[in-house]
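Position 1 is the first residue of the sequence, and the numbers go up from there.
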Amino acid sequence: MSPTSDIPRRKRLPRDERITRIISVTRDLLAEKGYDRLLTTEIAERCGLSEAAIYKYFDSKRDLLIQVAEKWYEEMLAEDHRSVEGMSAFEALRHVIWRHFAIVKRHRELTRFMLMDLRPDPNYRSMPIYQLNRKLLSQVPEVLRTYIDTGDLRSDIALGVIRDMIFGAIEHQTWAYLRHEGDFSIEDSTNTIARLLYEGLRTDQAPATSATPAASTELAPAIGRLERLAERLERQIAATQPAQAEAKASKPRPKNA
């Protein structure tokens, strides 16, 4: 008996629909099983296909997962990230931080695959998903720029530095969760990071957060450290630019023929 004879046969789908079906099933199984226990044989069985049929459309399990991740990013990019109209600067900052914590919470295995498998890949920057990730991360500075323009947030700190501080904090807060070694509270983590950043970024015209005076006093040292870190990052960025320009200028120019 053929090893695939017990697989339920379904009406043959067009190529694009079959690929979409495989990607959808893989995403569901990834959430259920995790990356390490995900088997292409089980994907094929749920799709009503032979395992060989999976490899007709995808070079490997990893290639299949990359396409799953790309579809996931396209979905996130299609969401309205500008839905902060009517929010204060603090509420908007808290909203964008909460959104990305919620993404990690809902999609642990996809986030883990992205951060622990794809990002360390030497070819990562040449992959389409790298550009998708850049687009997603760029949404945060877009939102913050609105409140810089209104004068509620300071304009003397580079938006790229603020973005990196947000996502660096999110990554560290969720690292144990992604490794199945712990958990985190979306609300607690969001409120702490948002309040720290906002108090360091708000201008005199913007209201303080609703923290109690005692809590504000406790936050002051952390805010000072946050500002000093931002200043150091900006100095490091500024220091590398002249060196890069000098190195570029020192390259020998080709002689005219």
Engineer: Please test I193 against L93 for side chain to side chain contact (heavy atoms under 4.5 Å, CB included), starting from the C-alpha separation and ending with a verdict.
Structural biologist: CA-CA 9 Å; I193 295 169; L93 180 62; over 6 Å; no
Engineer: Please enumerate all residues that pass side-chain contact (heavy atoms from CB on, under 4.5 Å) together with S24, with sequence neighbours excluded.
Structural biologist: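 D28.
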Engineer: Assess whether atom CH2 of W98 is packed by more than 12 heavy atoms of other residues, nucleotides or ligands within 6.0 Å.
Structural biologist: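 Incorrect, the count does not exceed 12.
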Engineer: Less than 4.5 Å apart, any side-chain heavy atom of T146 and any of L153?
Structural biologist: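 A side-chain contact under 4.5 Å is absent here.
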Engineer: What pairs of residues pass the side chain to side chain donor-acceptor pair (under 3.5 Å) test when at least one of them lies in residues 63-74, not counting sequence neighbours?
Structural biologist: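 The answer is Y73-N133.
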Engineer: Verify whether one side chain among Q139 and H100 offers a donor that lies under 3.5 Å from an acceptor in the other.
Structural biologist: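 No, H100 and Q139 have no side-chain donor paired with an acceptor closer than 3.5 Å.
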Engineer: If the condition is side-chain contact (heavy atoms from CB on, under 4.5 Å), which residues does S155 pass it with, not counting sequence neighbours?
Structural biologist: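 With sequence neighbours excluded, S155 shows a side-chain contact (heavy atoms from CB on, under 4.5 Å) to I148, given in chain and number order.
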Engineer: Taking C-beta and beyond as the side chain, do D188 and F184 meet within less than 4.5 Å on heavy atoms?
Structural biologist: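 No, side chains not in contact.
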Engineer: Are any side-chain N or O atoms of R94 and backbone N or O atoms of A89, one a donor and one an acceptor, separated by less than 3.5 Å?
Structural biologist: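 A pair under 3.5 Å: no.
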Engineer: Go through the structure and list residues passing ring-ring contact (aromatic ring centres under 6.0 Å, His included) with F58, not counting sequence neighbours.
Structural biologist: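 So F58 forms no ring-ring contact (aromatic ring centres under 6.0 Å, His included) with any residue.
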Engineer: Kindly give the heavy-atom pair with the smallest separation between A69 and I129, and that separation in Å.
Structural biologist: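 In terms of heavy atoms, the two residues are closest at CB-CD1, 3.4 Å.
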Engineer: So F101 and Q173, do their side chains get closer than 4.5 Å, heavy atoms only?
Structural biologist: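 The answer is yes, as the side chains (C-beta and beyond) meet within the 4.5 Å cut-off.
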Engineer: Using the side chain to side chain donor-acceptor pair (under 3.5 Å) criterion, which residues pair with R163? Sequence neighbours excluded.
Structural biologist: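 Partners of R163 by the side chain to side chain donor-acceptor pair (under 3.5 Å) criterion come out as none, since no residue qualifies.
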Engineer: Partners of R202 by side chain to side chain donor-acceptor pair (under 3.5 Å), sequence neighbours excluded?
Structural biologist: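 Expected list: E199.
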Engineer: Sub-3.5 Å donor-acceptor pair from the side chain of T40 to the main-chain atoms of K61, do we have one?
Structural biologist: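 Answer holds: no.
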Engineer: Return all side-chain donor-acceptor pairs below 3.5 angstrom for residues 30-37, not counting sequence neighbours, or 'none' if the list is empty.
Structural biologist:
residue	atom	partner	partner atom	Å
E32	OE1	R46	NH2	3.0
E32	OE2	R46	NH1	3.2
R37	NE	K33	O	3.3

Engineer: The criterion is ring-ring contact (aromatic ring centres under 6.0 Å, His included); which residues satisfy it with Y124, sequence neighbours excluded?
Structural biologist: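 For Y124, the residues satisfying ring-ring contact (aromatic ring centres under 6.0 Å, His included) (neighbours in sequence not counted) are Y130.
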Engineer: Go through R18 and I23 one step at a time and tell me if the side chain to side chain contact (heavy atoms under 4.5 Å, CB included) criterion holds.
Structural biologist: CA-CA 9 Å; R18 184 172 292 194; I23 288 174; over 6 Å; no
Engineer: Would you say the side chain of L136 lies within less than 4.5 Å of the side chain of L132, judging by non-hydrogen atoms?
Structural biologist: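 Of all side-chain heavy-atom pairs linking L136 with L132, none is under 4.5 Å.
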Engineer: Does any N or O in the side chain of S126 come within less than 3.5 Å of the main-chain N or O of N123, such that one atom is a donor and the other an acceptor?
Structural biologist: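 Yes; at least one donor-acceptor contact below 3.5 Å.
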Engineer: For residues I22 and L49, determine if any side-chain heavy atom of one lies less than 4.5 Å from a side-chain heavy atom of the other.
Structural biologist: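 Yes; the side chains approach each other to less than 4.5 Å.
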Engineer: Is a side-chain N or O of Q205 found less than 3.5 angstrom from the main chain of T150, in a donor-acceptor match?
Structural biologist: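 Confirmed, Q205 side chain pairs with T150 backbone.
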Engineer: Could you tell me whether the side chains of T41 and E51 share a donor-acceptor contact shorter than 3.5 Å?
Structural biologist: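 No - no donor-acceptor pair under 3.5 Å links their side chains.
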Engineer: When hydrophobic residues are tied together by side-chain contacts of less than 4.5 Å, even through go-betweens, does V25 share a cluster with L39?
Structural biologist: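 No, V25 and L39 fall in different hydrophobic clusters.
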Engineer: Excluding sequence neighbours, so at least two apart, what forms side chain to side chain donor-acceptor pair (under 3.5 Å) with R145?
Structural biologist: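 Once residues adjacent in sequence are excluded, R145 has no partner under the side chain to side chain donor-acceptor pair (under 3.5 Å) criterion.
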Engineer: Are side-chain N/O atoms of Y55 and S60 paired as donor and acceptor at under 3.5 Å?
Structural biologist: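 There is no such pair between these side chains.
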Engineer: Going by side chain to side chain donor-acceptor pair (under 3.5 Å), name the residues that satisfy it together with T111, two or more places apart in sequence or in a different chain.
Structural biologist: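 By the side chain to side chain donor-acceptor pair (under 3.5 Å) rule, T111 matches no residue at all.
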Engineer: Is there side-chain contact between M76 and R99, with at least one heavy-atom pair below 4.5 Å?
Structural biologist: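 SC-SC contact between M76 and R99 confirmed.
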Engineer: Which residues pass the side-chain contact (heavy atoms from CB on, under 4.5 Å) test with E75, sequence neighbours left out?
Structural biologist: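 Once residues adjacent in sequence are excluded, the partners of E75 under the side-chain contact (heavy atoms from CB on, under 4.5 Å) criterion are R27.
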Engineer: For residues Y147 and R154, determine if any side-chain heavy atom of one lies less than 4.5 Å from a side-chain heavy atom of the other.
Structural biologist: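 No, every pair of side-chain atoms sits at 4.5 Å or beyond.
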Engineer: For Y198 and A206, work out which heavy atoms get closest and say how close.
Structural biologist: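 Result for this residue pair: OH-CB, 3.4 Å.
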Engineer: Among pairs that include at least one residue of residues 172-185, which meet salt bridge (Lys or Arg N to Asp or Glu O under 4.0 Å), considering only residues two or more places apart or in two chains?
Structural biologist: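 As it turns out, the salt bridge (Lys or Arg N to Asp or Glu O under 4.0 Å) pairs with a partner in residues 172-185, which skip direct neighbours, are K105-D183, R179-E181.
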